[in-house]
Participant: 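Okay, here's the structure, questions in a sec.
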Amino acid sequence: MSVALPRHVAIIMDGNGRWAKQHKVAVALGHRQGVETLREIIRTASNMGIQVLSLYAFSTENWRRSPTEVAALMALILEFFRSEIDELDREGVRIRILGDKAGLPPAQRNSVTDAEQRTRSNQGMQLNIALNYGGRGELVRATRALAEKAVNGDISPQAIGEQDLRDHLYTAGQPDVDLLIRTSGELRISNFLLFQSAYAELIFVDMLWPDFSVADFKRCLDTYAARSRRFGGRTE
Ligand code: IPE
Ligand code: IPE
Ligand code: MG
């Protein structure tokens, strides 16, 4: 299995709301239970030697939810970084936030920025946490940056290539997504890592995120290892 270990695994952690409904508890409790899953998956991925793990925690569209739910999610973000940062740092995990940090409340913004700063020279797994992230917005941001460079004469429009675009994404310097997992049974991408997942293998798991276990994660890696990736070519 290790032969075909994906370099970059991205996960759309979905189903906390339905889990809460099933258990007849408040949605905030579903999200709290989801954080437990996330802790275990981060630890497992780091121990297995996965290079990059990207987790979709809050999309730019998630602001549409009720103020109560948004507040609960924001509180969990603070709690997560406060309780996990020491261990993550010890494990050598390097944290990067994907998304518009400026649009987060000040406490969350400071907490995630501190986590990035503190772990920036770590040499272990790259952990991307997508917060206030949208794939289209990311591409617009990159386009704007390139347009500014062109206007300033720093780059000629004809010379702009894929690499320039990559260099202006939140994931600059990181490999493309090899494996994209979504839990909860929904069959969509929901604006996650659009450019980076162009050739990702997709796995949709019919399980709610709080129920997703380390064994389920390892099964996904096995499924990935058995896939044949052609990238448009032909392998006979
Ligand atoms: C995913 O769980 C977590 C976030 C979007 C933050 P949901 O809250 O979307 O769970 P469902 O889709 O309602 O079950
Ligand atoms: C995607 O899940 C966003 C995160 C997991 C953070 P959603 O639950 O927001 O996506 P939709 O609305 O079902 O597409
Ligand atoms: Mg959902």
Side-chain angles (χ1 to χ4, degrees), residues 8-42 45 52-84 95-105 107-109 111-112 115 127-141 169-171 177 179-197 200 202-213 216-217 220:
H8 186 166
V9 178
I11 309 184
I12 302 174
M13 312 183 287
D14 195 22
N16 296 346
R18 275 161 280 176
W19 186 93
K21 205 166 207 167
Q22 257 182 22
H23 290 77
K24 298 187 167 53
V25 295
V27 67
L29 262 160
H31 291 309
R32 180 171 291 280
Q33 199 57 40
V35 174
E36 294 305 315
T37 304
L38 170 155
R39 276 201 183 99
E40 301 211 330
I41 299 303
I42 293 174
V52 187
L53 177 67
S54 296
L55 301 173
Y56 206 3
F58 193 88
S59 74
T60 44
E61 290 74 30
N62 287 147
W63 295 109
R64 294 179 185 155
R65 298 188 180 193
S66 76
T68 317
E69 182 171 358
V70 170
L73 284 163
M74 289 298 142
L76 273 176
I77 288 164
L78 271 192
E79 200 179 311
F80 172 80
F81 281 96
R82 219 173 266 147
S83 66
E84 299 305 304
I95 295 170
R96 189 187 293 184
I97 303 304
L98 313 182
D100 180 18
K101 288 196 290 259
L104 293 173
Q108 281 71 11
R109 184 167 66 231
S111 160
V112 302
L127 175 63
N128 295 327
I129 303 193
L131 278 180
N132 196 18
Y133 173 88
R136 287 176 175 172
E138 179 183 40
L139 289 167
V140 168
R141 176 176 172 269
L169 299 176
Y170 292 117
T171 51
V177 175
L179 168 61
L180 175 64
I181 301 170
R182 181 177 189 140
T183 58
S184 92
E186 304 295 353
L187 306 179
R188 55 177 171 262
I189 304 292
S190 299
N191 207 11
F192 196 38
L193 301 176
L194 298 179
F195 185 95
Q196 299 89 333
S197 297
L202 309 179
I203 297 185
F204 296 98
V205 184
D206 211 358
M207 274 179 113
L208 305 175
W209 177 249
D211 293 328
F212 188 73
S213 69
D216 298 315
F217 180 62
C220 289

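These figures come from a predicted structure and were not determined experimentally. When a residue number appears, it is its place in the shown sequence, counting from 1. Counting starts at 1 for both ligands and their atoms, following the listed order.
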Participant: Just need the protein heavy atom nearest to atom 10 (O) of ligand 1, so name the residue and atom and give the distance.
Facilitator: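 For atom 10 (O) of ligand 1, the nearest protein heavy atom is G17 N, 2.9 Å.
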Participant: Is K21 close enough to touch ligand 1? Criterion: a residue heavy atom under 4.0 Å from a ligand atom.
Facilitator: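 Not so, K21 does not reach ligand 1.
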Participant: Regarding R96 and T171, is there a side-chain donor-to-acceptor distance under 3.5 Å anywhere?
Facilitator: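 No, no side-chain donor-acceptor contact under 3.5 Å.
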Participant: So, regarding S59 and ligand 2 (criterion: nitrogen or oxygen to nitrogen or oxygen, under 3.5 Å), is there a contact or not?
Facilitator: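 In this structure, S59 places no N or O atom under 3.5 Å from an N or O of ligand 2.
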Participant: If you compare all heavy atoms of S213 against all heavy atoms of I41, which two are closest, and at what distance to 0.1 Å?
Facilitator: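 It is O-CD1, 4.1 Å.
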Participant: State, with a plain yes or no, whether a side-chain heavy atom of Y133 is found less than 4.5 Å away from one of T60.
Facilitator: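 Counting from C-beta outward, Y133 and T60 never come under 4.5 Å.
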Participant: What is the closest protein heavy atom to atom 9 (O) of ligand 2, and at what distance does it sit?
Facilitator: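 Its nearest protein heavy-atom neighbour is N62 ND2, 2.9 Å.
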Participant: Indicate yes or no: does an N/O atom of E186 lie under 3.5 Å from an N/O atom of ligand 2?
Facilitator: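 Not met; the criterion fails.
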Participant: When you compare the side chains of Q33 and N16, does any donor N or O come within less than 3.5 Å of an acceptor on the partner?
Facilitator: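 No, no side-chain donor-acceptor pair sits under 3.5 Å.
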Participant: Between CZ of F212 and CG of D206, what distance do you get to the nearest 0.5 Å?
Facilitator: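 The CZ atom of F212 sits 12.0 Å away from the CG atom of D206.
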Participant: Could you say whether the N/O atoms of Y56 and ligand 2 ever approach to under 3.5 Å?
Facilitator: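 Not met; the criterion fails.
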Participant: I need the atoms of ligand 2 closer than 4.0 Å to a non-hydrogen atom of D14, numbered in the order shown.
Facilitator: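 Those atoms are 2 (O), 8 (O).
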Participant: So which of the N, O or S atoms of D14 lies nearest the Mg ion (ligand 3)?
Facilitator: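 Looking only at N, O and S atoms of D14, the one nearest the Mg ion (ligand 3) is named OD1.
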Participant: Where does R182 meet ligand 2, judged by heavy-atom distances below 4.0 Å: at the side chain, the backbone, both, or neither?
Facilitator: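 Near ligand 2, R182 shows its side chain, while the N, CA, C and O stay back.
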Participant: Any heavy atom of S184 closer to ligand 1 than 4.0 angstrom?
Facilitator: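 False for this residue.
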Participant: At what distance is the nearest protein heavy atom to atom 5 (C) of ligand 1, and which residue and atom is it?
Facilitator: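 Checked against all protein heavy atoms, atom 5 (C) of ligand 1 sits closest to R65 NH2, 3.4 Å.
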Participant: Is there side-chain contact between E79 and M74, with heavy atoms separated by less than 4.5 Å?
Facilitator: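 Not touching, per the 4.5 Å side-chain cut-off.
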Participant: Report the part of V27 (side chain from C-beta onward, or backbone N, CA, C, O) that has a heavy atom under 4.0 Å from ligand 1; answer both or neither where that applies.
Facilitator: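 The answer is neither; V27 stays 4.0 Å or more away.
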Participant: Check this for me, if you would: do R18 and E186 make a salt bridge, where the nitrogen-to-carboxylate-oxygen distance has to be below 4.0 angstrom?
Facilitator: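 Salt bridge: yes.
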Participant: Without swapping roles, check the side chain of N128 against the backbone of L98 for a donor-acceptor pair under 3.5 Å.
Facilitator: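 It does not hold such a pair.
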Participant: Supply the atom-to-atom distance I77 CD1 to F81 CZ, rounded to the nearest 0.5 angstrom.
Facilitator: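 With rounding to 0.5 Å, CD1 (I77) is 7.5 Å from CZ (F81).
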Participant: Side chain, backbone, both or neither: which part of A57 has a heavy atom under 4.0 Å from ligand 2?
Facilitator: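 Under 4.0 Å from ligand 2, A57 contributes backbone atoms alone.
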Participant: Considering only protein heavy atoms, determine whether one is less than 4.0 Å from atom 12 (O) of ligand 2.
Facilitator: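 No, there is none.
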Participant: Considering heavy atoms of the protein only, find what lies nearest to atom 14 (O) of ligand 2 and give residue, atom and distance to 0.1 Å.
Facilitator: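 Checking every protein heavy atom, the shortest distance to atom 14 (O) of ligand 2 gives S190 OG, 2.6 Å.
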Participant: In terms of residue, atom name and distance, what is the protein heavy atom nearest to atom 1 (C) of ligand 1?
Facilitator: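 The closest heavy atom on the protein side is M13 O, 3.0 Å.
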Participant: Rounded to the nearest 0.5 Å, what's the gap from CG on L76 to CZ on F58? Could you check?
Facilitator: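 L76 CG to F58 CZ: 11.5 Å, rounded to 0.5 Å.
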Participant: Contact between R188 and ligand 2, counting heavy atoms under 4.0 Å?
Facilitator: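 Contact check R188 vs ligand 2: positive.
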Participant: Salt bridge (charged side-chain N to carboxylate O under 4.0 Å, His left out) for R39 and E36? Distances and angles first, verdict last.
Facilitator: CA-CA 5 Å; R39 276 201 183 99; E36 294 305 315; 2.6 Å; yes
Participant: For F58, take its heavy atoms, then give the atoms of ligand 2 lying under 4.0 Å from any of them.
Facilitator: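 So the atoms of ligand 2 that pass are 6 (C).
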